[in-house]
Amino acid sequence: SNLKLTNVLIADNSTNRWGGGFRNISGVPELLNVTIANNTAVNQSATTAMDLKTGYIPQIKNTVIFGTVTGDYTANYSMIQGNANFNNGNIASTSLTEVFTNPSSGNYTLKYGSTAVNAGSNALFPGLTADTKDVAGNVRVYNYDLGGIIDMGAYESTYTPITPTNGIVYVTPNGTGDGSSWADATSDLHSAMLAVGASKVFVAIGNYNVGVNSFIMKNGVEIYGGFD
């Protein structure tokens, strides 16, 4: 049977040969919500992340890979260093420190504002429900029942629950709070629209990244923009 990895972290490994993080020499493995980062292949620098033998093409889904990759693969809704094919929901890789919380200390959770957040595809994860967990045992999709979107990688991003005040959620481009006021605004416009108890969303002037998914409107929630 073919190898299937789901919610797996492969990081900080080293080899003197091929495939610092992953090596495949037969079969067609599936990597689903996997994070591969900070691995080394001392004498084979072209394979620090993955060494993939010809004729065996892994299926990579909702996955984040940093490092060099030798060989062919099929990727969907993934961030892979060196990959220039942004079809099928794939996005450009940035840097370890822009994606992960503290990779130098082995913390590969997704940092606030990471482009891997809400960038995966729920449809690629068989049997996904509101109770599905990530590698750390946290909920796999925040606000799943309200249209929440799965993150890329092994970890679902931590989040500050949106807290409406008198039914209003406040959103600014650089907000890091719970949305309860302008002083504690959130920058997560998508979650603000879906927040439990929200009837209005006040949005400050600025740019808001929609990622690879569209914003999902919710019946009964009014959205007001242009606040300065």
Hey, is the main chain of [Y] close enough, under 3.5 Å, to the side chain of [X] for a donor-acceptor pair?
X      : Y      : value
Asp51  : Arg23  : no
Asp151 : Asn118 : yes
Asn39  : Ile10  : yes
Asn122 : Gly148 : yes

Legend entry - Name of the residue among Ile57, Ile60, Asn24 meeting side-chain contact (heavy atoms from CB on, under 4.5 Å) with Pro29: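 When Ile57, Ile60, Asn24 are each tested with Pro29, the side-chain contact (heavy atoms from CB on, under 4.5 Å) holds only for Asn24.
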So [Y] and [X], do their side chains get closer than 4.5 Å, heavy atoms only?
X      : Y      : value
Thr186 : Ser191 : no
Ile223 : Val203 : yes
Gln44  : Thr70  : no
Val64  : Met152 : yes
Val42  : Ser14  : yes
Val141 : Thr132 : no

Using 0.5 Å steps for rounding, measure from the [atom1] atom of [X] to the [atom2] atom of [Y].
X      : Y      : atom1 : atom2 : answer
Ile162 : Met193 : CD1   : CE    : 11.0 Å
Arg140 : Thr6   : CZ    : OG1   : 10.0 Å
Asn76  : Gln59  : CG    : CD    : 7.5 Å
Thr40  : Asn13  : OG1   : CG    : 8.0 Å
Asp178 : Asp188 : CG    : CG    : 12.5 Å
Leu3   : Glu30  : CG    : CD    : 9.5 Å

Inset, instruction - Among Asn38, Thr101, Asn102, find the residue that satisfies the side-chain hydrogen bond (donor to acceptor under 3.5 Å, both in side chains) test when tested with Tyr108. - result: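 Between Tyr108 and the candidates, side-chain hydrogen bond (donor to acceptor under 3.5 Å, both in side chains) is satisfied uniquely by Asn38.
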Inset, instruction - For side chain to side chain contact (heavy atoms under 4.5 Å, CB included), just list the numbers for Val139 and Tyr144, CA-CA rounded to whole Å, side-chain angles, deciding distance to a tenth of an Å, and then say yes or no. - result: CA-CA 9 Å; Val139 63; Tyr144 175 83; over 6 Å; no
Inset, instruction - Check the pair Ser180 / Thr165 against side chain to side chain donor-acceptor pair (under 3.5 Å), numbers first and verdict last. - result: CA-CA 5 Å; Ser180 59; Thr165 298; 4.6 Å; no
Mind listing the closest non-hydrogen atom pair of [X] and [Y] along with its distance?
X      : Y      : result
Arg17  : Thr47  : O-OG1, 4.3 Å
Val69  : Ala49  : CG2-CB, 4.1 Å
Ala154 : Val8   : CB-O, 3.5 Å
Leu9   : Tyr155 : CD2-OH, 3.6 Å
Lys61  : Ser78  : C-OG, 3.6 Å
Leu96  : Ala37  : CD2-CB, 3.9 Å

Count I, L, V, M, F, W, Y as connected when their side-chain heavy atoms are under 4.5 Å apart, and connections chain through other members. Are [X] and [Y] then in the same cluster?
X      : Y      : result
Tyr170 : Ile205 : no
Tyr56  : Ile80  : no
Val171 : Ile168 : no
Phe202 : Leu194 : no
Met217 : Val201 : yes

Legend entry - Pairs where residues 8-31 contributes a residue and the test ring pair (Phe, Tyr, Trp, His ring centres under 6.0 Å) is met, not counting sequence neighbours: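 Qualifying pairs, neighbours excluded: none.
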Inset, instruction - Please lay out, stage by stage, how Asn16 and Asn43 fare under the test side chain to side chain donor-acceptor pair (under 3.5 Å). - result: CA-CA 5 Å; Asn16 289 325; Asn43 296 316; 4.6 Å; no
Inset, instruction - Give a yes or no on whether Lys133 atom NZ has more than 12 heavy-atom contacts from other residues, nucleotides or ligands under 6.0 Å away. - result: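 Enclosed.
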Legend entry - Residue Asn166 excluded, over 12 heavy atoms near CG under 6.0 Å: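 No, because the 6.0 Å sphere around CG of Asn166 holds 12 heavy atoms or fewer from other groups.
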Legend entry - Working for side chain to side chain contact (heavy atoms under 4.5 Å, CB included), residues Thr35 and Phe100: CA-CA 10 Å; Thr35 295; Phe100 303 119; 3.7 Å; yes
Inset, instruction - Evaluate side chain to side chain contact (heavy atoms under 4.5 Å, CB included) for Gln81 paired with Thr48, printing each intermediate quantity in order. - result: CA-CA 11 Å; Gln81 185 174 356; Thr48 59; over 6 Å; no
Inset, instruction - May I have the step-by-step check of side chain to side chain donor-acceptor pair (under 3.5 Å) for Asn174 and Thr176, ending in yes or no? - result: CA-CA 7 Å; Asn174 299 312; Thr176 59; over 6 Å; no
Inset, instruction - Could you walk me through whether Leu32 and Asn62 pass side chain to side chain contact (heavy atoms under 4.5 Å, CB included), step by step? - result: CA-CA 6 Å; Leu32 177 63; Asn62 293 350; 4.1 Å; yes
